2 protein chains.
Amino acid sequence: MTRSGTSTEHSGSGDLSRSLELLWGTGDRPGRGPRPGLTLGRIVAAAVAVADAEGLGALSMRRVAADLGVGTMSLYRYVPGKAELLDLMLDAVVALPADGLPEPGPDTGWRPALEALAHATWRLHQEHPWLLRVDQGRPLLGPNALDRLEYAVRALAGTGLADREKIQLLVALDGFVTGTARTVLNSARAEQRTGVSDADFRRAQEPALGQAVRSGRYPALAGLDEDVFGGAPGDGGGSPAFTLGLAALLDGFAAVVADRAATAPAHPPEGTHHQPPPHGTHRAAT
Amino acid sequence: MTRSGTSTEHSGSGDLSRSLELLWGTGDRPGRGPRPGLTLGRIVAAAVAVADAEGLGALSMRRVAADLGVGTMSLYRYVPGKAELLDLMLDAVVALPADGLPEPGPDTGWRPALEALAHATWRLHQEHPWLLRVDQGRPLLGPNALDRLEYAVRALAGTGLADREKIQLLVALDGFVTGTARTVLNSARAEQRTGVSDADFRRAQEPALGQAVRSGRYPALAGLDEDVFGGAPGDGGGSPAFTLGLAALLDGFAAVVADRAATAPAHPPEGTHHQPPPHGTHRAAT
DNA sequence: AAAAACTGGGTACGTTGTACGCGCAAGCGA
DNA sequence: TCGCTTGCGCGTACAACGTACCCAGTTTTT
């Protein structure tokens, strides 16, 4: 991998430090040769536009170059390869919504903040359905991804949770959102790609499934109402499964938070600023 | 798509009924020409073996054919294309574990059953890390997938939930499991593919992240303990985030179940067999 | 024996990511 | 001012992919 000609479909290939350099963009022009005719930003934006409009399948280096009116290989002056381009696309797109999320102060609790974040993430995946199809090696933390993380951690600041628990909780929440989003997006994409609607699809399966169910091997399924799988999958505020699951998950989190607050009441859920522990146990996050 | 030569990376291409036919295998030999030298099962098994051992990237029609000692194009006598092969691989692999899951009788509740199912699904993804990388169009329900669904629905039989709610709950649960699995698998795969360990990775990010955090833009992150992201990700019983999230989610489900049991007490959580409603409202699931 | 139906698979095409290297432009030291 | 160095734009070439097409060979039916 990474060695011979064709290889990559994944993000995050070899040169990690190079990726980070691009992500955090020092952007120091050495000023010797001719002035570059392109910018990283333009390339990433063009790539995102292609993916948004026609899906990841249509995203090729040739295509991006053509859209920018340059030769294919010119892109490689700015980006080491497609993998790194995907990393950049990811961070470009995960910026928090401009209209803002409710600021999780000590007055408002963690829950509305996390709920808003979950909905924002859900919307993010609806708007960029290719996000979950990127063969992401490891989430390269760029500025925008850090913004998101910062917001999420800030939301949990007032709780008595240990730092490690906070991260685990956030990973679980993100996993839930992306997992359910994946399900809904797969259906939506299949529908638009094959022209077969969800209902048509179930109708087509009916002969085979009907026979299977009637075989007696699936008694519980046989007892279900007819159209249990129907019901407005991806609209507005998220699918019903998303709504139901999110509420349940946050309820569960609330129990954990209440428990930690009870056993270690040094951290009242309502407090102005705090966290002046002895000293020295804090430092930069990695 | 599906029209010109190269196209597919997704599962579930055009001919849906053909896929179903393969999945449910009528297997009627017309008996005229020479006897086939291969079987669908052998092809699918070989393909799964390749994917398990070397990942989806190594899975090509040429490779599978070579492993079976036949010409590449011979495979197309058995399978319409790679997309359908992937569908078959999926259903082949999602069979419930042979050692069984706790049978959700009226005596034992729904929770241990769903918990066991969630862990089984988690393990499934650990054993076949390529599963979540398949560009699945729509989950083609094969016999094994139906087994899984049957088990899950049976688990919820005793609860007072509406059928639609049961499905939503199960979709949410599956979304959570696959979502968190994806996170863990991405890390693991990145580590093995690039040779950069998780710890190395964080060390490599440290210069960029450290500077970013020290910039003051991320106060909440700056306040975190050092190694919050560490801690045995993918071992044994699931990652810490998975464990924590699953418990929380099931707690939340429990509240929903309790609520439904309270408002419609016609369905006691403990009951022998039941569900003889007037009649006619039931029929096959689709 | 001839015909029909089927299997095996070689060849060829279009598409992908990208290694390599050439020609040229812009700034620096002399 | 000259030329050297550095970097830009990009044409060509290659290996890998999925698979359309088609011919040769084998088995069964008539």
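Source: prediction; values computed, not measured. So that the names make sense, note that chain A is the first sequence line, chain B the second, and so on, each numbered from 1.
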Inset, instruction - Identify, between B/G81 and B/R77, the residue whose nearest nucleotide on DNA chain D lies closer to the 5' end. - result: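 Nearer the 5' end of the strand: B/G81.
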Legend entry - Side-chain heavy-atom pair A/L23, A/E84 within 4.5 angstrom cut-off: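 In short, these two side chains do not touch, never coming nearer than 4.5 Å.
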Legend entry - Close side-chain approach of A/Y76 and A/M61, heavy atoms under 4.5 Å: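 They are in side-chain contact.
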Inset, instruction - Drop me the distance from A/T39's OG1 to A/Y78's OH, to the nearest 0.5 angstrom. - result: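 Reported to 0.5 Å precision, the distance equals 8.0 Å.
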Name the closest nucleotide to the [X] side chain, picking from [options].
X     : options                : answer
B/V70 : C/dG21, C/dG9, C/dT18  : C/dG9
B/S60 : C/dG9, C/dA5, D/dC17   : D/dC17
A/R62 : C/dA26, C/dT7, C/dT16  : C/dT16
B/Y76 : C/dG8, D/dG18, D/dC8   : D/dG18
A/M73 : C/dG21, C/dT18, D/dG18 : C/dT18

Once you round it to whole Å, what is the distance between [atom2] of [N] and [atom1] of [X]?
X      : N      : atom1 : atom2 : value
B/Y78  : C/dT7  : OH    : P     : 7 Å
B/L68  : C/dT7  : CG    : P     : 16 Å
A/L56  : C/dG17 : CG    : P     : 11 Å
A/M61  : D/dT12 : CE    : P     : 19 Å
B/D135 : D/dC17 : CG    : P     : 18 Å
B/L59  : D/dA16 : CG    : P     : 16 Å

Inset, instruction - Tell me what A/L75 touches on the nucleic acid: a base, only sugar-phosphate, or nothing, going by heavy atoms under 4.0 Å. - result: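 No contact.
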Name the atoms and distances for all side-chain donor-acceptor pairs under 3.5 Å in residues 46-57 of chain B, with sequence neighbours left out.
unit_1: B/D52; atom_1: OD1; unit_2: B/H128; atom_2: ND1; d: 2.7
unit_1: B/D52; atom_1: OD1; unit_2: B/W130; atom_2: NE1; d: 2.6
unit_1: B/D52; atom_1: OD2; unit_2: B/H128; atom_2: ND1; d: 3.2
unit_1: B/E54; atom_1: OE1; unit_2: B/R63; atom_2: NH1; d: 3.2
unit_1: B/E54; atom_1: OE2; unit_2: B/R63; atom_2: NH1; d: 3.2
unit_1: B/E54; atom_1: OE2; unit_2: B/R63; atom_2: NH2; d: 2.7

Legend entry - Inter- and intrachain pairs under salt bridge (Lys or Arg N to Asp or Glu O under 4.0 Å), touching residues 171-187 of chain A, at least two apart: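 Listed by first then second residue: nothing to list.
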Inset, instruction - Please check the phosphate of D/dC10 (OP1 and OP2 only) for any side-chain N or O of A/T72 closer than 4.0 Å. - result: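 It does not, given that no N or O in the side chain of A/T72 lies less than 4.0 Å from OP1 or OP2 of D/dC10.
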Inset, instruction - Would you please confirm or rule out a distance under 4.0 Å between OP1 or OP2 of D/dT28 and any side-chain N or O of B/R35? - result: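 Yes.
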Legend entry - Residue met sooner reading DNA chain C from 5', once A/R63 and A/P80 are mapped to nucleotides: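 Whichever sits nearer the 5' end wins; that is A/R63.
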